[in-house]
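Inspection log for the structure reproduced underneath, given as structure tokens.
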Amino acid sequence: MSSGSGSLMWFRKGLRIHDNPALEYASKGSNFLYPVFVIDPHYMKPDPEAFSPGSSKAGLNRIQFLLESLRDLDLNLKRLGSRLLVLKGEPSEVLIRCLKEWDVKNLCFEYDTEPYYQALDVKVKSYATTAGIEIYSPVSHTLFNPADIIRKNGGKPPLSYQSFLKLAGEPSWASSPLSIALSSLPPVGNIGNCNISEVPTVKELGYEETQQDELSPFRGGETEALKRLRESIENKEWVAKFEKPKGDPSAFLKPATTVLSPYLKFGCLSSRYFYICLKDLYKNVKTHTVPPVSLAGQLLWRDFFYTVAFGTPSFDQMRGNKICKQIPWNDDDELLVAWREARTGFPWIDAIMTQLRKWGWMHHLARHSVACFLTRGDLFVHWEKGRDVFERLLIDSDWAINNGNWLWLSCSSFFYQYNRIYSPISFGKKYDPNGDYIRHFLPVLKGMPKEYIYEPWTAPLSIQNKAKCIIGRDYPKPVVAHDSASKDCRRRMAEAYALNQKMSGMVSAEDLRNLRRKLEEDQEPQVENKRQRKLIG
DNA sequence: GACTTGTTGACGGT
DNA sequence: ACCGTCAACAAGTC
């Protein structure tokens with residue numbers, strides 16, 4: 001590194017001071033440091049056409065979470081004698097302009113495996129290289145470098161968690177201490193003619209205050225992340241006994257998991273620091289759970305999906321994705337919208353979708369429930385459509401993990417037992433027989449007795465009257481009958497799997513069209529979707 | 001044979 | 001009455 005000149009620290013994810021190798025490198029031996037975040041209008045500007053308040057890419061909750069994270073980062077930088085320089089525009093253009101304008105010898109940013117950043121990095125790196133600017137871009141978002149794991153596996157990503165674990169082993173950095181604290185940072189250099197602003201508020205971005213009736217209860221930022229982490233690992237017994245599939249998806253006053261995912265997504269919390277804290281705790285207890293169910297196992301799941309996503313072309317779509325089963329999903333926008341707008345008539349499903357819209361977060365198993373319902377369980381709608389809704393509305397939506405889980409739940413990849421279908425009625429009931437979760441997120445069903453709250457359409461009219469909730473007027477009738485719909489989904493999955501096997505995965509668009517036609521022809525009238533909707537709704 | 005977490009109903013223990 | 005455990009259901013890919 002050349003000294004006596006400036007470094008530019010480009011923040012994208014990794015919105016933190018602790019365990020931030022790029023920031024540490026940028027601050028060492030430089031007289032000046034330019035900590036930059038570029039607001040991409042594409043990601044932040046209000047889009048009135050979108051189906052929920054927010055931009056064309058992100059719902060308002062995640063935009064809010066990001067802004068809070070940036071404000072916190074700015075405060076933490078100020079404590080160290082620096083500040084965050086916020087710029088607006090297409091990120092690579094803005095950054096290249098900064099590099100031209102300022103006296104920068106080092107450009108530092110956290111390496112990112114997502115296609116969006118890969119494409120951005122190509123542009124920025126190519127300019128920096130020709131301008132003689134040194135680039136430092138370390139892997140610090142995940143526990144492992146996905147490229148290392150793929151190399152170890154002979155060029156292909158592992159497709160099961162266990163094989164991933166075997167390849168991964170212990171992370172190389174786990175034996176030496178991480179750099180957790182910085183004592184000071186070099187001052188910001190001359191910013192010349194660049195248009196620098198403070199971190200904007202949602203209002204300054206053009207959002208009306210009344211656009212959303214209930215905002216997420218989770219506040220963004222590194223400070224909040226570390227506080228949440230401390231609170232989670234304070235309870236050693238809880239951490240030691242943590243088993244993911246045993247959590248209660250209906251717990252909302254005190255969620256059954258840590259809710260650290262949004263902080264990991266934006267890098268407000270270092271997954272490596274989290275991992276070290278857990279290892280430390282495990283050393284000091286008699287027994288503890290192990291991957292895949294343990295809390296450390298959850299971090300490894302994250303790395304697993306990052307690795308597969310990085311090593312799989314067209315990971316985020318069905319067509320052209322080698323690990324994805326080709327399935328003739330239906331193109332029914334009416335069913336998709338009912339699901340998205342929490343109008344399926346299944347209170348468990350609609351409550352989860354309402355929590356998603358209001359909080360931008362729901363329990364892992366709740367996500368399973370609604371994802372299964374939309375795709376292979378009941379509605380047979382394309383997983384890409386559901387993925388888009390989650391990607392927009394979740395505050396923790398992460399490209400690799402979100403797509404990976406949709407592939408999983410739709411039985412398109414990783415998991416293939418399509419007979420195992422979550423019941424939209426009984427799955428929630430076993431955790432929350434009283435229906436408190438439903439009553440909270442769907443107040444219209446508040447008065448429905450617990451005997452009927454998971455299937456309100458079965459309540460006698462006198463009960464509906466007493467509950468002040470007439471099904472079909474105050475709350476919708478179910479969009480499908482679960483028994484027949486799930487049976488039909490199984491049939492379609494079996495046919496699709498048979499086709500994939502017959503063609504050894506090389507299913508063409510025409511093959512799929514033919515199968516879709518065949519499935520429609522074979523359909524018995526009483527389970528035919530459109531007619532059924534007319535009968536029921 | 002290994003693979004993250006379905007549903008229902010029976011059974012036995014508390 | 002409420003819990004955990006288990007088999008049956010019907011069965012997938014790598």
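Order of the sequence lines sets the chain letters (A, B, ...), proteins ahead of strands, with each chain counted from 1.
For DNA chain C, the residues of residues 418-438 of chain A within the heavy-atom distance limit of 4.0 Å (strictly under) are A/Tyr418, A/Asn419, sorted by number.
Among B/dT4, C/dA11, C/dT13, the nucleotide with an atom closest to any side-chain atom of A/Tyr416 is C/dT13. Distance from the side chain of A/Gln417 is smallest to C/dG12 among B/dT4, B/dT5, C/dG12. Among C/dT13, B/dT5, B/dC3, the nucleotide with an atom closest to any side-chain atom of A/Phe415 is B/dT5.
Counted by atom type alone, A/Asn145 and A/Tyr111 present zero donor-acceptor pairs between their side chains at under 3.5 Å. Between the side chains of A/Glu243 and A/Thr289, no donor N or O sits under 3.5 Å from an acceptor N or O. Using modelled atom types, one finds no donor on one side chain facing an acceptor on the other under 3.5 Å when comparing A/Ser462 with A/Asn465. If you check the side chains of A/Tyr437 and A/Gln355, you find a donor sitting under 3.5 Å from an acceptor. A/Ser397 and A/Arg62 share a side-chain donor-acceptor pair at under 3.5 Å. Using a 3.5 Å distance cut-off with no hydrogens or angles, the side chains of A/Arg387 and A/Asn403 do pair a donor with an acceptor.
Across the protein-nucleic acid pair, A/Tyr497 atom OH and C/dA10 atom P stand 19 Å apart, rounded to whole Å. Note: CD1 (A/Ile323) to P (C/dC14) measures 10 Å, nearest angstrom. At whole-Å resolution of the value, NZ in A/Lys487 and P in B/dT7 are 18 Å apart. Atom P of nucleotide B/dT5 and atom CH2 of A/Trp408 are separated by 7 Å, given to the nearest angstrom.
Counting only Watson-Crick or G-U wobble pairs whose defining distances are both under 3.5 Å, the stems of 3 or more consecutive pairs in DNA chain C are B:1-3 with C:12-14, B:6-14 with C:1-9.
In this pair, A/Trp301 lays its aromatic ring flat on the base of B/dT4, centres within 5.5 Å and planes under 30 degrees apart.
Separating the C1' atom of B/dA2 from that of C/dA11 is a span of 15 Å, rounded to the nearest Å.
Comment: A/Lys152 does not engage A/Asp148 in a salt bridge, judged by the lack of any side-chain N to carboxylate O separation of less than 4.0 angstrom. Under the 4.0 Å criterion applied to side-chain N and carboxylate O atoms, A/Glu520 and A/Arg492 are assigned as salt-bridge partners.
Aromatic ring pairs are classed by plane angle as parallel below 30°, tilted from 30° to 60° and perpendicular above 60°; the pair A/Tyr161 and A/Trp301 is parallel.
Within the nucleic acid shown, A/Gln162 comes within 4.0 Å of sugar-phosphate atoms alone, with no base atom in reach, counting heavy atoms only.
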